[in-house]
> 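Sending over a structure as structure tokens; questions will come in a sec.
Note that ligands are numbered from 1 as they come in the structure, with each ligand's atoms numbered from 1 the same way. Not measured: the values here are computed from a predicted model.
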Amino acid sequence: MSALSVVTIDSDLLTLMDIVLRQEAREIQVDDADSLTLCQKLAVEMFELMYLSDGAGLAAPQVGIPIRLVVVDPSNLDFGPHVLINPTIQFKSETEEAANEGCLSIPRRVGRVFRSTEVVVHAYNLKGMLEEYSATGWLARVFQHEIEHLNGVLYPDRLRGNESLIVTEKAMRRKAEKTVKGLIK
Ligand code: ZN
């Protein structure tokens, strides 16, 4: 059992600014062997939690640790598991698309969020080496969502106009109805 647990926030309390989820996370010293060892230990705990909760990504502030580390392993994509240390978005396409997003820190809610369809991200890996990732579609969305966690930004901050968070069950019901409608058209 992981020594950590996911920090969650009720969707009515999102404006609370002085909690770990709302902080600017600290950079990790990637040229220091001890910090990389700590990152490896933390990554084990975080992957475990992420897999248990069926998430596509998890950022360190979500387990109460305000440092710039993210783990991702989006299922259905052949990207595989990655740890991003001190990730930065180098490029963001102007083209955006909207999709429903959820977050392990905001249980039982989803919201429709516009994200760039393409991003280029620089991040250090667990060996302290700089990597570049070009991502499109869902993976680009996961990167943007997770990296914003490091800046204290949560996806509901991105809702536009009169969009609001909806209860997951309701959203899934709508999706299921739309699916069946599509099948009998
Ligand atoms: Zn999240």
> Check Glu177 with Lys181, please: is the shortest side-chain N to carboxylate O separation under 4.0 Å?
no
> I'd like a table of donor-acceptor pairs (distance under 3.5 Å, sequence neighbours excluded) in which one partner is a side-chain atom from residues 119-126, with atom names and distances.
{"residue": "His122", "atom": "NE2", "partner": "Glu132", "partner atom": "OE1", "Å": "2.7"}
{"residue": "Asn125", "atom": "OD1", "partner": "Lys127", "partner atom": "N", "Å": "2.8"}
{"residue": "Asn125", "atom": "OD1", "partner": "Gly128", "partner atom": "N", "Å": "3.1"}
{"residue": "Asn125", "atom": "OD1", "partner": "Met129", "partner atom": "N", "Å": "2.9"}
{"residue": "Asn125", "atom": "ND2", "partner": "Glu131", "partner atom": "OE2", "Å": "2.8"}

> Can you list the protein N, O or S atoms less than 2.8 Å from the Zn ion (ligand 1)?
Cys103 SG, His145 NE2, His149 NE2
> Does the distance from a Lys or Arg side-chain N to an Asp or Glu carboxylate O, for Arg158 and Glu96, drop under 4.0 Å?
no
> Testing the 3.5 Å rule here: is there a donor-acceptor pair between the side chains of Thr117 and Ser93?
yes
> Angle between ring planes, Tyr133 versus His82, binned at 30° and 60°: parallel, tilted or perpendicular?
perpendicular
> Are Val6 and Ile9 linked, directly or through other ILVMFWY residues, by side chains that come within less than 4.5 angstrom of each other?
no
